[in-house]
Amino acid sequence: MAAKPAVALRPVPGCAGSAQPAPATGWETSLPTAHALLAQVGPGDVLSELIGLVYEGLNEATPWYSFAERLRHLWAALNVTVTLHHSDDLPCDVQVMSVDEDDDTDWLLAEQIHRERFTHIELVRPESVLPGDVIVFGPTDVEPDCAAFLDSLNIASCLRTCFAEPGGMRCWVDVIRARKTPEHPFSSADLELIRGLLPHLTRALGLYARIKRQEAEKSIYEGSLDHLVLGCLVLDGDAKVICVNRAARTIFDKYPGIELNHERVQLQDRMMQRVLEKAMANAIASRMQHGADCHGELVRLHAQDGVLLGMLVTPVPVAPYYQGKHVPSVIIYLSELTESFAALQVSKSASPDLIAQLFDLTRQEAKLAALLAAGRTISEAAEQMGIAVTAVRNYSKNIYAKLGIKGQTDLVRIVCKSFALLR
């Protein structure tokens with residue numbers, strides 16, 4: 001990290017960037033100096049060891065913590081930080097940090113000060129370092145106010161490098177050395193070691209991004225196992241389609257008013273297209289808030305032959321260490337609402353609010369629809385709702401008329417095929 005201080009190791013409420021330290025590795029005790037260790041094992045052995053930690057970091061709960069910890073010890077550094085996601089729109093970056101055990105710096109506060117006062121300095125901005133670049137800078141390379149800030153953090157110099165993967169994920173490694181007497185600047189051997197690691201960091205990041213994307217897709221589809229008749233599309237942060245399941249492709253092939261065009265969902269109805277785009281934008285914005293309570297927005301489209309298509313647009317849960325516009329960000333569940341499918345069991349989690357919004361029912365009608373779809377009789381529903389049987393009969397007639405169906409059997413099919421069962 002360095003001139004752009006990193007997030008503290010302790011948890012930070014509301015910030016996905018905070019990382020817990022990994023268990024002790026044994027390096028902390030009886031550790032020789034960096035120069036002594038290099039003399040014992042040689043630079044080739046050190047490079048091999050770090051390469052191993054780069055790939056082992058894919059399986060760590062806090063990715064690449066062991067790599068950062070080992071590199072800090074080898075170089076007698078004050079701080080080594082791996083930045084997994086940087087954005088000016090977030091309160092803090094997503095980072096994994098190893099710090100000296102005697103360091104009591106409040107790195108979270110340091111980052112806040114940096115963002116408020118020094119982001120105009122190109123040299124200290126992560127974006128100024130491109131993939132494959134390696135730079136070294138310190139207090140003498142920046143303007144006086146920033147230099148004083150670095151001095152207050154006991155920063156003598158910072159080595160920064162960047163690596164990226166084809167999908168768009170870009171990361172940085174920062175190594176901070178503290179002020180000491182005599183000074184201990186980064187050497188040509190240090191730079192050579194970092195350059196030797198860069199191809200492996202790049203390859204490991206590509207593997208990491210692929211693994212996290214597959215984990216996100218797996219989680220999404222596992223949540224829909226009970227609803228295999230639902231179409232499902234996964235979109236990234238630019239609303240581009242990442243993947244589509246078979247049910248969704250069947251609907252696209254069946255109805256000409258909806259299609260995939262250049263990785264985007266396109267509706268023939270321009271007004272409904274604007275509604276869909278707004279729903280996707282809202283889902284992306286809600287996701288960026290990290291934990292915003294959003295059940296999604298429903299978009300209804302009248303297709304050919306009077307068939308009503310429904311689209312539930314909802315954000316994908318945020319993965320703490322896998323963020324950015326390139327990651328799965330939005331799910332669109334797609335359903336033929338008025339088609340008849342084999343009845344599925346209605347769970348107790350069926351949402352009256354979703355049923356009301358989806359089928360344009362009043363809240364009382366929606367409550368009754370959920371109960372009838374769950375197999376309750378008119379009398380049982382009346383007792384559970386605490387109203388007269390005659391009132392329930394009138395509500396049921398209104399429901400059937402609004403949905404254009406004949407009775408409870410059709411209601412079960414429609415509700416079981418809808419988004420009301422999604423948790």
When you check the side-chain N and O atoms of Glu336 and Tyr255, is any donor under 3.5 Å from an acceptor?
yes
Do the side chains of Asp133 and Cys162 get nearer than 4.5 Å, heavy atoms only?
no
For atom NE2 of His262, is the number of surrounding heavy atoms from other residues, nucleotides or ligands below 6.0 Å larger than 12?
no
Given the ring of Phe186, does Arg177 sit roughly above its face, with NZ or CZ under 6.0 Å from the centre of the six-membered ring and within 45° of the axis?
yes
Salt bridge present between Glu215 and Lys218 (N-O < 4.0 angstrom)
no
With a cut-off of 6.0 Å (strictly less than), are more than 12 heavy atoms of other residues, nucleotides or ligands near CD of Gln268?
no
For Asp88 and Arg125, run salt bridge (Lys or Arg N to Asp or Glu O under 4.0 Å): C-alpha distance rounded to whole Å, both residues' side-chain angles, the deciding distance at 0.1 Å, then the answer.
CA-CA 11 Å; Asp88 292 335; Arg125 289 181 60 81; 3.2 Å; yes
More than 12 foreign heavy atoms under 6.0 Å from CZ of Arg264: is that the case here?
yes
State plainly whether the residues Asp93 and Arg115 are in salt-bridge range, i.e. N to O under 4.0 Å.
yes
Is the closest side-chain donor-acceptor distance between Glu56 and Ser66 under 3.5 Å?
no
Over all heavy atoms of both residues, which pair between Trp107 and Met97 is shortest? Give the atoms and the distance, please.
CD1-SD, 3.8 Å
Does Glu192 form a salt bridge (Lys or Arg N to Asp or Glu O under 4.0 Å) with Arg195? I'd like the steps, not just the answer.
CA-CA 5 Å; Glu192 182 180 353; Arg195 292 192 177 100; over 6 Å; no
Taking atom NZ of Lys402 as the centre, report whether more than 12 heavy atoms of other residues, nucleotides or ligands fall under 6.0 Å from it.
yes
Side-chain contact, heavy-atom cut-off 4.5 Å: Leu267 with Met311?
yes
Residue pair Glu165 / His326, side-chain donor-acceptor N/O under 3.5 Å:
no
Is there a salt bridge (Lys or Arg N to Asp or Glu O under 4.0 Å) between Glu277 and Arg274 once you walk through the steps?
CA-CA 5 Å; Glu277 290 173 352; Arg274 290 193 293 270; over 6 Å; no
